[in-house]
2 protein chains.
Amino acid sequence: MMGIKLTDVAKKAGVSATTVSRVINNYGYLSQKTIDKVHKAMEELNYQPNSMARSLQGKNTQLIGLIFPTVSHPFYGEIVSKIETKLFEKGYKTILCDSANNKEKERDYLRMLIANKVDGIIAGAHNLDIIEYKNVGLPIISFDRYLAEGIPIVSSDSYQGGRLATEQLYQRGGRKIAIFTGTNESASPTNQRLNGYLSVIKEHHLDPMVYHFPLEYSPFLKATEIRQILSRDKIDSVFCTDDLTAILVINKAKELGLEIPEQLKVIGYDGTEFVQNYFPQLSTVLQPMDQFVDLLIDLLMKRINNADVELDNLYQLSVKFIQGQTS
Amino acid sequence: MMGIKLTDVAKKAGVSATTVSRVINNYGYLSQKTIDKVHKAMEELNYQPNSMARSLQGKNTQLIGLIFPTVSHPFYGEIVSKIETKLFEKGYKTILCDSANNKEKERDYLRMLIANKVDGIIAGAHNLDIIEYKNVGLPIISFDRYLAEGIPIVSSDSYQGGRLATEQLYQRGGRKIAIFTGTNESASPTNQRLNGYLSVIKEHHLDPMVYHFPLEYSPFLKATEIRQILSRDKIDSVFCTDDLTAILVINKAKELGLEIPEQLKVIGYDGTEFVQNYFPQLSTVLQPMDQFVDLLIDLLMKRINNADVELDNLYQLSVKFIQGQTS
DNA sequence: AAATTTATGATATACGATTGACATATATTA
DNA sequence: TAATATATGTCAATCGTATATCATAAATTT
């Protein structure tokens with residue numbers, strides 16, 4: 001039932017428990033001979049120090065909590081996977097929290113992460129107004145949304161991205177340019193994409209055509225509504241604030257016999273590796289995933305190593321337009 | 001720096017530490033008044049029992065380790081997300097381990113999970129020959145691969161799935177039926193899909209056309225090779241042992257001007273919600289994701305609650321063919 | 001040979017919560 | 001009223017590890 005413990009190693013190596021602890025934590029005087037003896041015993045017994053006991057002593061847990069909507073979405077799956085990989089290289093383990101856009105769940109998760117004494121949190125969920133974030137008292141870095149005063153946000157320049165996509169559609173001849181986006185939440189980055197869209201529309205004296213899709217819509221429901229919109233409204237271009245919606249648009253457009261890009265131009269947003277590999281035809285705005293991950297982890301490490309380090313409130317990385325065949 | 005602890009709650013509530021512990025763990029005699037007082041104090045202080053200290057006492061950590069190749073792949077992302085959600089409902093937290101098809105990493109993860117005293121592990125990684133699994137001494141359930149003697153495997157009937165897809169292609173008129181699959185590893189489930197394919201091919205006296213793609217191939221490399229194969233070899237049907245490969249095939253076929261399904265029929269394998277939502281046109285073999293998840297967790301819970309419970313070695317769920325427009 | 005550095009052990013305390021043993025006091029029931 | 005059930009407190013030990021303090025002994029330097 002129970003595992004090997006430090007005293008077992010001590011016995012096996014023929015030294016005192018103190019010495020084993022000295023070897024593990026590398027302090028005090030130690031002869032090479034003893035070090036080797038202890039290591040040998042640890043290996044032979046396949047000894048793993050009990051993380052619980054260690055962190056009770058104030059040692060770091062080396063645990064990082066990740067709060068994201070859901071890894072079943074390729075965008076979050078990809079970023080979570082990259083974060084996890086990089087953290088592992090740095091000796092950290094990842095506790096995964098799929099918040100599922102559920103406030104209650106997110107709140108529960110937050111409490112759980114505190115109870116598990118994680119060393120830090122990276123939060124990329126989309127629920128707003130979680131006051132609890134203010135009182136966590138733990139290093140947190142946020143991805144792409146405002147959480148609370150003093151919690152740095154890593155995001156891309158959504159406004160610029162929105163402009164970029166819309167301008168592209170205009171340049172390619174689009175004059176009835178619609179935007180398909182999420183629900184209108186002022187703090188969310190998709191809202192900035194909308195603002196970018198609106199600014200370009202205004203510059204060119206076009207009529208804005210804004211379509212909101214609630215987050216809780218299933219892809220099927222969304223697709224149905226998209227089909228309606230496409231067949232009902234005169235639209236020659238669509239800027240979707242995420243790639244998956246763009247894919248739905250393309251699918252439905254094809255069903256309706258619309259030629260892409262001749263009759264309908266479509267530009268997405270995100271540009272995950274997944275989309276680039278499996279939908280290479282899609283024109284999209286590329287978010288710098290690797291830079292996100294590097295920066296998120298970099299900032300988090302800084303906060304972990306020094307809780308009082310001064311960090312900016314907002315880190316905005318630039319996006320890039322990728323020309324495919326859908327625009 | 002330090003968080004609220006049990007004694008702080010006791011002080012606040014004006015009771016003894018023992019009483020607080022009694023409330024938390026619900027044992028001994030307690031008056032409703034005291035229970036309420038303590039709960040109130042816990043809430044006001046936002047108290048979270050230190051998980052480390054609890055599990056040092058032999059309490060369960062309520063942690064489950066998940067070892068999967070990578071959540072950036074929609075199939076694994078989806079199953080991990082479902083598992084995580086269901087575990088959370090049962091009061092468990094998930095430690096995510098993206099093994100990245102890397103033996104070293106998988107081994108490290110296994111040690112880490114042991115050190116973190118997880119209550120159990122669900123492993124769906126694809127590396128083979130990890131002897132360490134034998135000595136874990138922890139409840140483990142495997143998804144879709146053999147790990148070690150006594151570790152139950154939950155999988156779908158890959159052989160039947162391979163037969164199903166191949167037979168469909170034949171029924172639709174395919175006579176040059178190829179299979180695109182991973183590297184030949186006898187223990188892997190894709191190999192059973194291959195065997196199913198071969199059995200049908202044999203029954204109809206056709207020539208097998210087997211193409212192996214190494215796991216470590218990037219999608220780009222794979223796509224390039226697929227294009228070569230399609231333009232070089234006389235093939236009228238392809239059975240891909242996963243949906244993403246099928247998507248590559250479709251993309252490349254379109255590039256080559258091949259009509260689908262007239263000139264080339266394609267059937268995939270997996271049938272994730274993602275593919276059903278965003279590639280509804282794809283014919284595929286549907287794996288019962290929800291049943292996988294239910295069974296995996298069910299079996300794991302049984303093992304956690306009773307380490308000696310008798311479980312079958314293999315649980316095979318049946319698959320279903322989904323007719324799309326690509327076959 | 002004396003002083004110092006290096007190497008190890010023994011012992012005790014701490015981390016935060018759990019739990020058993022025992023004491024005591026009130027409330028309820030026989 | 002006596003017996004029992006209920007409610008709470010005190011105290012100490014425990015989980016596995018870390019670490020400070022003191023002691024001791026061998027190795028090295030002066």
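In what follows, chains are A, B, ... by sequence order, proteins preceding strands, each numbered from 1. Note that the structure is a prediction, hence the values are computed from the model and not measured.
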Give a yes/no on whether any side-chain N or O of [X] is located under 4.0 angstrom from OP1 or OP2 of [N].
{"X": "Y47(B)", "N": "dG16(C)", "value": "no"}
{"X": "S21(A)", "N": "dA18(D)", "value": "yes"}
{"X": "N50(B)", "N": "dA17(C)", "value": "no"}
{"X": "K59(B)", "N": "dT19(C)", "value": "yes"}

Check this for me, if you would: do [X] and [Y] make a salt bridge, where the nitrogen-to-carboxylate-oxygen distance has to be below 4.0 angstrom?
{"X": "D298(B)", "Y": "K302(B)", "answer": "yes"}
{"X": "K82(B)", "Y": "E273(B)", "answer": "yes"}
{"X": "E104(B)", "Y": "R107(B)", "answer": "yes"}

Expected output: side-chain S16(A) to main-chain T19(A) donor-acceptor under 3.5 Å: yes
Roughly how many Å is it from [atom1] in [X] to [atom2] in [N], rounded to a whole number?
{"X": "M52(B)", "N": "dA18(D)", "atom1": "CE", "atom2": "C1'", "answer": "16 Å"}
{"X": "D8(A)", "N": "dT17(D)", "atom1": "CG", "atom2": "C1'", "answer": "13 Å"}
{"X": "L6(B)", "N": "dC15(D)", "atom1": "CG", "atom2": "P", "answer": "20 Å"}
{"X": "N25(A)", "N": "dT17(D)", "atom1": "CG", "atom2": "C1'", "answer": "8 Å"}
{"X": "N116(B)", "N": "dT17(D)", "atom1": "CG", "atom2": "C1'", "answer": "15 Å"}
{"X": "K117(B)", "N": "dT17(D)", "atom1": "NZ", "atom2": "C1'", "answer": "12 Å"}

What are the two closest heavy atoms between Q62(B) and G91(B), and how far apart are they? NE2-O, 3.1 Å
With a 3.5 Å cut-off and heavy atoms only, can you find an N or O donor on one side and an acceptor on the other between the side chain of T18(B) and the base of dC11(D)? yes
Are more than 12 heavy atoms, taken from residues, nucleotides or ligands other than N26(A), located less than 6.0 Å from that residue's CG atom? no
Identify whether any heavy atom of V15(A) sits under 4.0 Å from a base atom; if not, whether one sits that close to sugar-phosphate; answer base, sugar-phosphate or nothing. sugar-phosphate
Closest approach to the side chain of [X], judged atom by atom: which nucleotide of [options] is it?
{"X": "R54(A)", "options": "dG9(C), dA17(C), dA18(D)", "value": "dA18(D)"}
{"X": "Q57(A)", "options": "dT10(D), dT18(C), dG16(D)", "value": "dG16(D)"}
{"X": "L56(B)", "options": "dG16(C), dT18(C), dT17(D)", "value": "dG16(C)"}

Of all of residues 26-42 of chain A, which get a heavy atom below 4.0 angstrom from DNA chain D, listed by number? Y27(A)
State yes or no: are the ring centers of F274(A) and F274(B) separated by less than 6.0 Å? yes
